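Residue numbers start from 1 in every chain, and the chains themselves are labelled A, B, ... in the order their sequence lines are given, proteins ahead of strands. It should be emphasised that the depicted structure is a prediction, and the values quoted were computed from it without experimental measurement.
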2 protein chains.
Amino acid sequence: MATTATVEVAAEPKYWHLRTVLVQAIESEFTTGQTLPNERDLSARFGVARATLRQALEQLELEGRLHRRRGAGTVVAGPRVDITIGTHDEGWPGVEPGDRDLVDGTTAAVPGRLAAQLGVRPRAMVHRVRRRQLSMRQPVGIECLYVPRAVVPRVPELLGDNRRAALVLRHLRNNTLEGLTRSVEVGVAEPEEARLLERPPGTAVLVVTTAYTAGGRTAALAVATYRADTCRLAFGEDAPIGARSAS
Amino acid sequence: MATTATVEVAAEPKYWHLRTVLVQAIESEFTTGQTLPNERDLSARFGVARATLRQALEQLELEGRLHRRRGAGTVVAGPRVDITIGTHDEGWPGVEPGDRDLVDGTTAAVPGRLAAQLGVRPRAMVHRVRRRQLSMRQPVGIECLYVPRAVVPRVPELLGDNRRAALVLRHLRNNTLEGLTRSVEVGVAEPEEARLLERPPGTAVLVVTTAYTAGGRTAALAVATYRADTCRLAFGEDAPIGARSAS
DNA sequence: GAGTGGTCTAGACCACATA
DNA sequence: ATGTGGTCTAGACCACTCA
């Protein structure tokens with residue numbers, strides 16, 4: 001029994017200790033927007049392999065404390081962007097604060113996984129309107145609205161994206177949306193989505209799925225994916241929780 | 001200009017292609033709960049390094065398609081657990097479906113980052129009640145309630161965790177909660193939290209922060225962290241979206 | 001073109017679960 | 001005791017940004 005009374009029963013992994021050290025450094029010696037030393041220098045300074053350092057950086061990015069851009073560098077992040085998630089039909093038919101970007105508007109067969117949620121046959125035709133949300137010139141989310149063609153039938157196939165999207169949205173606005181069901185979960189960005197969000201494929205995203213009901217059926221389904229590193233979802237009518245409330 | 005007309009401008013990373021192959025394999029050749037071959041075999045089979053395979057597996061786990069347990073193996077996951085997030089004071093004062101586990105009940109100085117959100121002085125004393133949510137014997141979330149001692153002063157310091165927690169909750173239930181503000185974001189689990197969730201440190205979690213207001217002030221703050229891989233947050237009164245609605 | 005983060009490799013050892 | 005996933009290393013090359 002030569003067990004020395006080491007209090008260090010923890011034995012936390014190296015990447016976690018590294019993360020803690022980096023958090024302290026970020027909070028005490030750096031300010032928002034400031035660039036950190038590059039990964040090779042940092043790993044050398046801390047005496048760890050670059051992969052281990054990267055594991056810590058990845059977690060800090062997921063927490064929204066850092067932003068990394070290939071070729072550019074790693075900078076200290078500011079507070080997360082608040083994405084307001086309304087209790088009502090907010091978001092789609094209306095106009096909201098913040099810049100938005102029309103990506104495209106198409107009509108095609110419903111993606112297999114969404115047929116059940118939309119309440120349509122597996123290969124039914126649906127309109128899809130996709131737009132991108134920006135915040136301070138940075139892309140933060142992709143919002144995708146699916147509307148069964150049965151709900152909005154009169155959209156000529158030949159129109160351009162902009163006109164088609166406008167038609168679908170106007171039609172929907174005239175509908176009386178009665179209620180909605182919503183869920184939030186974590187997903188990963190597919191390559192195209194990732195490109196629009198200016199992130200590598202597989203980046204963690206918050207997926208907000210909203211089913212709009214009208215006339216006892218699902219009239220539309222919105223699937224919004226927000227960058228998990230930069231976004232916080234804010235619910236309720238009041239102002240977001242901790243934001244700028246320090247007197 | 002010897003540019004051959006290669007359509008393959010994509011050049012997606014290897015881990016993403018691997019992910020796609022694995023998704024197809026999981027969906028076609030495996031069923032929920034089934035164990036996959038181990039990582040060394042899989043990486044050999046696909047002709048990649050183990051680290052590359054693990055990058056794909058990590059994403060699949062984050063998506064909730066796989067569960068990995070050290071020493072045990074990698075199994076195909078079932079559908080995510082729906083965590084109901086009510087519009088009212090649901091969750092804390094009341095009782096809800098699903099098993100819960102009291103972790104501890106303490107009274108200590110408020111954690112620095114929460115003082116502003118609770119509307120108390122930086123080193124003010126707060127009661128903390130912490131419990132764990134289980135689903136089918138698996139831990140899925142840690143729910144932590146902070147109540148300023150100014151709101152519930154009459155809790156003897158000497159009581160055991162169970163009694164203290166019960167007192168705080170009963171006191172809070174007698175209060176008239178007037179409203180709440182809520183946000184959802186992604187975070188990483190600290191080692192202790194991670195242990196309770198049976199995951200490695202740094203695991204991605206969904207952080208739900210709810211501020212309860214009563215009498216024009218913040219009476220309580222609930223910080224709930226749910227395993228991002230196994231949980232989906234369901235909002236609204238209706239049943240969750242796609243769940244079991246296929247007739 | 002220099003410097004950055006992103007991808008990928010081929011190993012090694014450790015902590016844990018299970019039988 | 002065996003086998004699993006978890007951690008860590010020391011390299012290499014690629015894709016991208018920016019001066």
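Place Leu53(B) and Arg40(B) on DNA chain C by their nearest nucleotides, and Leu53(B) ends up nearer the 5' end. Between Ala72(A) and Gly71(B), the one whose closest nucleotide on DNA chain D sits nearer the 5' end is Gly71(B).
Note: CZ (Arg199(A)) to P (dG5(C)) measures 12 Å, nearest angstrom. For the pair Trp16(B) CH2 and dA15(D) C1', the computed distance is 19 Å after rounding to whole Å. In this structure, the CD atom of Glu39(B) is 8 Å from the C1' atom of dG6(D), given to the nearest Å. Whole-Å rounding puts the His17(A) NE2 to dT7(D) C1' distance at 16 Å. The CG-C1' distance, from Leu60(A) to dG5(C), rounds to 15 Å in whole Å. Across the protein-nucleic acid pair, Leu57(B) atom CG and dT4(D) atom C1' stand 13 Å apart, rounded to whole Å. The CG atom of Leu18(A) sits 20 Å away from the P atom of dG6(D) (whole-angstrom rounding). Rounded to whole Å, the distance from CZ on Arg70(A) to P on dC16(D) is 5 Å.
Considering only side-chain N and O atoms, Arg69(B) lies under 4.0 angstrom from the phosphate OP1 or OP2 of dT18(C). Within the structure, a side-chain polar atom (N or O) of Asn38(A) is placed less than 4.0 Å from OP1 or OP2 of dT4(C). For dG6(C), neither phosphate oxygen OP1 nor OP2 lies less than 4.0 angstrom from any side-chain nitrogen or oxygen of Lys14(B). Checking the phosphate oxygens (OP1, OP2) of dT7(D), a side-chain nitrogen or oxygen of Tyr15(A) falls inside 4.0 Å. Residue Arg54(A) has a polar side-chain atom (N or O) positioned under 4.0 Å from OP1 or OP2 of dG6(C). Taking side-chain N and O atoms only, Thr52(A) has no distance below 4.0 Å to OP1 or OP2 of dT7(D).
For the 3.5 Å distance criterion, the side chains of Thr210(A) and Arg182(A) qualify, holding a donor opposite an acceptor.
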Can Arg19(A) and Glu63(A) be said to form a salt bridge (charged side-chain N to carboxylate O under 4.0 Å, His left out), step by step?
CA-CA 11 Å; Arg19(A) 191 206 83 107; Glu63(A) 288 182 84; 2.3 Å; yes

Would Tyr146(A) and Val110(A) count as a side chain to side chain contact (heavy atoms under 4.5 Å, CB included) here? Give the steps.
CA-CA 8 Å; Tyr146(A) 296 91; Val110(A) 61; 5.6 Å; no

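Pairing each heavy atom of Leu18(A) with each of Thr52(A), the nearest pair is CD2-O, 4.1 Å.
At a threshold of 4.0 Å, the pair Arg131(A)-Asp101(A) does not count as salt-bridged, since none of the basic side-chain nitrogens sits closer than that to a carboxylate oxygen.
Within the 4.5 Å cutoff, the side chain of Val76(B) has no heavy atoms near those of the Arg65(B) side chain.
Summary for the helix from dG1(C)-dC18(D) to dT18(C)-dA1(D): the axes at its two ends, each from 5 pairs, differ by 20° when rounded to the nearest 10 degrees.
Annotation for His67(A): atom NE2 counts as buried by contact number, over 12 foreign heavy atoms lying within 6.0 Å. The local environment of CD in Glu39(B) is crowded, with over 12 non-hydrogen atoms from other residues, nucleotides or ligands closer than 6.0 Å.
The nucleotide whose nearest atom lies closest to any side-chain atom of Pro201(A) is, among dT7(D), dT7(C), dG5(D), dT7(C). For Ala49(B), taking side-chain heavy atoms from C-beta onward, the closest of the listed nucleotides dG6(C), dG5(D), dA10(C) is dA10(C).
A donor N or O paired with an acceptor N or O is found under 3.5 Å between the base of dG6(D) and the side-chain atoms of Arg50(B).
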